Amino acid sequence: MTATVSAREAYRLELTELAADDPRIVCLEADLGGPSHCFQDRFPDRFLNLGIAEASAVDIAVGLASAGLRPFVSTFATFAALRAGESVKLGLGYLGAPVVLVSPYGGVSGAWFGPTHHCLEDLAVMQSLPGVRIAVPAGEAETREAIRAAADGDWPCYVRLGRNEVFDASFAPAGRGAVTWLNPMDGDTCLVSIGEKPTALCQAVTEGEPELGHAHLCWVDAESLALALPQLAGARRLVVVEEHRAAGSVASTLALLLPDREVRSVNAGADWSTEGGNHDETLAALGLTTSAVLSAVLKGNQ
C-alpha cells in the first residue's frame, strides 16, 4: 500500500471510519485538531476539544471509559507521557481503563519546536505501567492497523506517531506479536527497527550489507515483545534502532527478555538538541544515523 497521508492524519481518518460502526468511540483532542477535524465534522457530539489540559483530558477519558465508551485521546507525546503522567499512571495503569492515547510528535519529529516538544522518554514511562500496550507504527497502513487493533480491544493503549511526514512503507503491517522481515537474515546479526525513521535507517544499511537481517516491530510493550521472541530466535545478536533514549528503551526490554542474546542499542543518546533543524537534521545531531547503525553492527562483529 502506497502511503498518501502522514500517520497523524491516518489516525484521524481511520478513527472516523471506525466510529461510523462503533458508537462507543469518542475522540478527545488537546487543541491539536486545527481549523477542521474530520471526526468533529462527522460526529460533533462525540468530539471534545479540551484545550491545553492534558491531565484533565486523560481523567475525563477514564471516566468515559467507565461508562462503557471507548475514548481516544490525542496530544503531543511529551504531554501525554510526562505532563499527564500521574493521570496516565492511575487511570490506565492502576485502574486499567481502556483508554487509547494517540500521541504525535513522538521522538524529535517536532524538530523546530525544540526540546520542550521533543519526547525521547515516553516509551520508558509507558513500559513501566503493567497492562498498557504500546504501538509505534510506521506509515499509513500500519497506523490504521494499530488503531483498529486498539479500538477492538478492551485494554489501555499508547500509540506513538510522528508529525506530518508521509512515510511510504513498502511492507505489510506488523500486528501484535508479529515481526515483519524487511531483509532476510543470512548471518547471526539482526537489525530491529522501531518507528519510521529508524526503519528507514535500517533499510539504508541493509542495502550495503545484505547479509544483515532486518526485523520491523510495531507493538513493543513487554507482553507483545514476548510473543514476537520466537521469530527472532535465529539471531545471536540484535541491534535495536529506535528514536528514544537508551534508558527504558525497547532494546532494554528485549535485553531483559533475551538474557542469552547480545542486544545492542542505537538510540538518540543522552544529549539535548539545542539547535533548530528538520527531523533528519535533529536526529543526526543526536547521533541517530546510518553510520551509527553500521558502527554498532561492526563492533559486534569484532
Side-chain angles (χ1 to χ4, degrees), residues 7-8 11 28 30 32 52-62 65 71-110 113-137 146 150 153 155-163 176 194-198 217-226 240-257 263 265 267-273 286 288:
R8 182 183 176 192
Y11 153 64
L28 290 72
L32 293 184
I52 308 303
E54 293 83 2
S56 295
V58 173
D59 291 341
I60 290 169
V62 171
F72 282 71
V73 182
S74 182
T75 186
F76 288 72
T78 191
F79 303 148
L82 300 174
R83 179 180 290 175
E86 180 71 7
S87 292
V88 173
K89 182 187 81 169
L90 295 177
L92 279 67
Y94 178 60
L95 295 176
V99 171
V100 182
L101 290 179
V102 182
S103 300
Y105 290 79
V108 293
S109 59
F113 290 85
T116 58
H117 286 56
H118 296 169
C119 194
L120 296 167
E121 308 82 17
D122 54 330
L123 301 185
V125 173
M126 296 301 169
Q127 290 277 16
S128 69
L129 303 177
V132 177
R133 295 182 181 175
I134 305 169
V136 189
W155 24 260
C157 185
Y158 179 76
V159 182
R160 184 209 232 208
L161 305 177
R163 189 174 174 242
R176 182 169 178 264
I194 312 298
E196 295 179 348
K197 291 296 185 180
L217 297 172
C218 174
W219 292 88
V220 296
D221 54 278
E223 184 180 339
S224 297
L225 290 173
V240 185
V241 186
E242 55 191 314
E243 193 172 340
H244 195 271
R245 305 286 190 200
S249 62
V250 175
S252 65
T253 304
L254 281 173
L256 291 171
L257 292 171
V263 180
S265 177
N267 53 69
D271 293 333
W272 297 95
S273 175
L286 293 171
L288 195 55

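Quick caveat, the model's predicted, so the values are computed rather than measured.
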Please list all pairs passing the salt bridge (charged side-chain N to carboxylate O under 4.0 Å, His left out) test where one or both residues lie in residues 92-101, with sequence neighbours left out.
-> none

Say whether, by atom type as modelled, one donor and one acceptor occur between the side chain of D221 and the main chain of I134 under 3.5 angstrom.
-> yes

So, does E243 use its side chain to make a donor-acceptor pair with the main chain of V108 at under 3.5 Å?
-> yes

Are E54 and R83 close enough for a salt bridge, meaning some N to O gap below 4.0 Å?
-> yes

On a heavy-atom basis, which atom in [X] and which in [Y] lie closest, and how many Å separate them?
X: A65; Y: V99; answer: CB-CG2, 4.1 Å
X: P104; Y: T75; answer: CD-O, 3.3 Å
X: I194; Y: V250; answer: CD1-CG1, 4.1 Å
X: A61; Y: P71; answer: O-CG, 3.2 Å
X: L161; Y: S109; answer: O-OG, 4.4 Å
X: A80; Y: L101; answer: CB-CD1, 4.4 Å

Donor-acceptor pairs under 3.5 angstrom involving side-chain atoms of residues 113-125: please list them, not counting sequence neighbours.
residue, atom, partner, partner atom, Å
H118, NE2, A111, O, 3.1
H118, NE2, G114, O, 3.3
E121, OE2, R245, NE, 3.4
D122, OD1, R160, NE, 3.4
D122, OD1, R160, NH2, 2.9
D122, OD2, Y158, OH, 2.7
D122, OD2, R160, NE, 2.9

Close side-chain approach of [X] and [Y], heavy atoms under 4.5 Å:
X: M126; Y: L92; answer: no
X: D59; Y: L90; answer: no
X: W219; Y: C157; answer: yes
X: Y11; Y: V159; answer: no

Hey, what do you get for NE2 (H244) to CG (N267), rounding to the nearest 0.5 Å?
-> 9.5 Å

Can you measure from OG (S128) to NZ (K89) and round to the nearest 0.5 angstrom?
-> 9.0 Å

Does T253 have any side chain to side chain donor-acceptor pair (under 3.5 Å) partners at least two apart in sequence or in another chain, and if so, which?
-> none

What residues form a side chain to side chain donor-acceptor pair (under 3.5 Å) with Y105, not counting sequence neighbours?
-> R163

Hits for salt bridge (Lys or Arg N to Asp or Glu O under 4.0 Å) against E196, two or more places apart or cross-chain, chain-then-number order -> none

Identify, with sequence neighbours excluded, every residue that meets salt bridge (Lys or Arg N to Asp or Glu O under 4.0 Å) alongside E223.
-> R133, R176

